Amino acid sequence: MPTLTYRDALNQALREEMQRDGNVFLMGEEVGVYQGAYKVSRGLLEEFGPMRVVDTPIAELGFAGIGVGAAMAGLRPVIEFMTWNFAVLALDQIVNSAAKILYESGGQLPIPIVFRGPNGAALQLGAQHSQAWESWLSHIPGLKVVAPATPADAKGLLKAAIRDDNPVIVLEGEMLYNTKGEVPEGEYVVPIGQADVKRTGQDVTLICHSKTVSVALKAAEQLAEEGVSAEVVDLRSLRPLDEATITGSVAKTNRAVVVEEGWPHCGIGAQVVDVIQREAFDHLDAPVLRVTQADVPMPYNKQLERLAKPSPEKVVAAARRVLYLD
Amino acid sequence: MTSATAQPKADQTQVELARRMLRQMLLIRRFEEKAAEAYALGKIGGFCHLYIGQEAVAAGSLAALRLDDYVISSYREHGQALVRGVPAKAAMAELYGKATGCSKGKGGSMHLFDAAKRFMGGHGIVGGHVPLATGIGFAIKYQGGDQVCLCYFGEAAVNIGAFHEALNMASVYHLPVIFCCENNRYGMGTAFERVAAVTDVVEHACSYDMAAELVNGMDALAVYAATQRAVERARQGGHPTLLEVRTYRFMGHSMSDPLHGVYRTKDEVEEQKKRDPITQLVAKLKDDAALDQAGLDALDAEVRAEVEDAVKFADESPDPEPAELFTHVLSD
């Protein structure tokens, strides 16, 4: 199986879907001539031309709305945000148009659209450029939300998102674009709504998604050195949430730590904890703990930024607590 | 010789068009009057924005469209929906929130949809649907079609960013979109000149290198002619147009707003009513000897009966089943 970067896996998914379906087009800032701010769209303008790889002005609300309008008239737009931080300007179109038109039209107008781009903190970009938006977006009925952690999942989930008849949010990781992994060639679709056990274990479940999967896997390695067997559940899809996989794992390990890049208040982890207390209450041997970004705007200073982010050490510490090792 | 034979034919077409528009305008007027009554009786809930006074805009502009063109509007869209061919029964039932409504009772007054008629909705966030119109225009160009998208919004939407982003991109991408600003002078209770540095909406077209036209919105035939020119530009070369149609609403902003409120005088409203678009069109048809009082009475009786039927239909229709709560959240 070929090894690809996360970036090239996304590129492959886009190219294959655009080859497969003439209604699929890519629109966003710098996607064409510049070849993508993060080079996800490299080569697509040359292959598909400017009608299908459309450079836009810096006008997130406007081009998100164009995408929704195009979907209303039968196309399958992929809207790229240079980062999800900028997509906040487009929330009216995502929340009030894309997510609601099917319902408020009584089922007449499906909106098959993908909104994608990097999410979460990178390195020292400061408060406005270092935010994780998944709990905002996952709150909205009418949307699906996925957050792939590996190149294979990036390809498979983006293909699933493009083929879905609903608005799908694809949260990519800015720090993941250069990561490498094996990616199946050609037809490879990861169904939306299925978590993936990235490491099996018996003693504690580490629940994570996107960039925090690598954090949890590192934590699991450290825990293994201490003789603790941790299971790593990659949610992959945040809406719908794969409740069965979460509860199945907790039923086995009886303990859980939820890791995310977002802030703690009303975060994804809070939703996961709700699932666990509701569906796996009798299996729990300890309160579920969460590891999140510190409840502050992201600082610029490197040391402070490191302190603000989830880390393997923080996850190990939380795991030790739920195991009553500390 | 050719022109001598063609001339009466053209006139006849014009008369038929005017009569058709008059019927549509009367239908809107009677429909909205009944909606107001039903609202007062508690049969219609939520927000309900009436179109009385603005009928010439919907009737005039939509007469210039083909059935395969697209129409999209704001939350003051009952009139456009009716003219576009959404049956009065389905529209009234939607206002009543009934299962037989054009959006199955899930949209309400602000969200009338009829995809088969290419009526792409009433939308509730001021200006939010203007980029959708540009997107529909984009899809038309992408698919190689020669349709147009006609987008209605009020003058208050001109102050919002979405309007500017949408116009800029429609022009940059050469899209067949007609932006029809219904300038009724008040955004809710705020006079446009109190909140807009530029009060001639057409002026904004300069910023986007777009054709524009200022239109008397109380004259259905003038609205028709201007829209026809815009449609021509759109079909021929994908050139968008900004129309500023000056009109006036005789009712409050919504049913919770009294007729003239504190933001405008009763005198002003009464003065504007002298420009009533229906009265003007009736006068023109009578002048042209194309309509007499008996004909008008018959037409009015016909639309009143249609609206009565719609009210009866809405009243007798069932509510959506409880299970409908969870349908159409996602497409299967």
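For clarity, every value in this text was computed on a predicted model and none was experimentally measured. Each chain gets a letter, A, B and so on, in the order the sequences are listed, and its residues count up from 1. The analysis underlying the following values was restricted to heavy atoms, covering all of them including side chains, and did not include hydrogens, waters or symmetry mates.
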- Item | Salt-bridge contact B:Lys98-B:Glu321 (side-chain N to carboxylate O under 4.0 Å) | no
- Item | Under 4.5 Å from any heavy atom of chain A - which part of B:Ile160 | neither
- Check whether B:His164 gets within reach of chain A through its side chain, its backbone, both or neither, counting any heavy atom under 4.5 Å. neither
- salt_bridge(A:Lys144, A:Asp164) N-O dist < 4.0 Å: yes
- Message: The test is side chain to side chain donor-acceptor pair (under 3.5 Å); show your working for B:His328 and B:Lys106 and say whether it passes.
- Response: CA-CA 10 Å; B:His328 310 130; B:Lys106 289 174 151 182; 3.1 Å; yes
- Message: Heavy-atom pairs under 4.5 Å with chain B: which of A:Met27, A:Lys100, A:Arg52 has the most?
- Response: A:Arg52
- Query: B:Phe163 versus chain A, heavy atoms under 4.5 Å apart: side chain, backbone, both or neither?
  - Reply: neither
- Gap separating the OG atom of B:Ser171 from the CE atom of B:Met210, nearest 0.5 angstrom: 5.0 Å
- Geometric class of the B:Tyr142/A:Phe25 ring pair [parallel <30°, tilted 30-60°, perpendicular >60°]: tilted
- Message: Which one wins on heavy-atom pair count under 4.5 Å against chain B: A:Ser105, A:Gly107, A:Pro141, A:Gly62?
- Response: A:Ser105
- Message: Is B:Cys149 in contact with chain A via its backbone, its side chain, both, or neither, using a 4.5 Å heavy-atom distance?
- Response: neither
- For the candidates B:Gln143, B:Glu324, B:Met169, which exhibits the highest count of non-hydrogen atom pairs separated by less than 4.5 Å from chain A? B:Met169
- Message: Is A:Ser97 close to chain B through its backbone or its side chain, or both, or neither, when contacts mean heavy atoms under 4.5 Å?
- Response: side chain
- Under a 4.5 Å heavy-atom cut-off, does chain A meet the side chain of B:Asp114, its backbone, both or neither? both
- Where does A:Leu61 contact chain B at under 4.5 Å (heavy atoms): side chain, backbone, both or neither? both
- How long is the span from the OH atom in B:Tyr51 to the OH atom in B:Tyr152, to the nearest 0.5 Å? 6.0 Å
- Please look at B:Ile136 and chain A and tell me whether the side chain, the backbone, both or neither of the residue comes under 4.5 angstrom of a heavy atom of that chain. both
- Out of curiosity, B:His123 NE2 to B:Ser73 OG, how far, rounded to the nearest 0.5 Å? 8.5 Å
- Message: Could you check whether A:Arg76 pairs with A:Asp165 (Lys NZ or Arg NE/NH1/NH2 to Asp/Glu carboxylate O, under 4.0 Å)?
- Response: yes
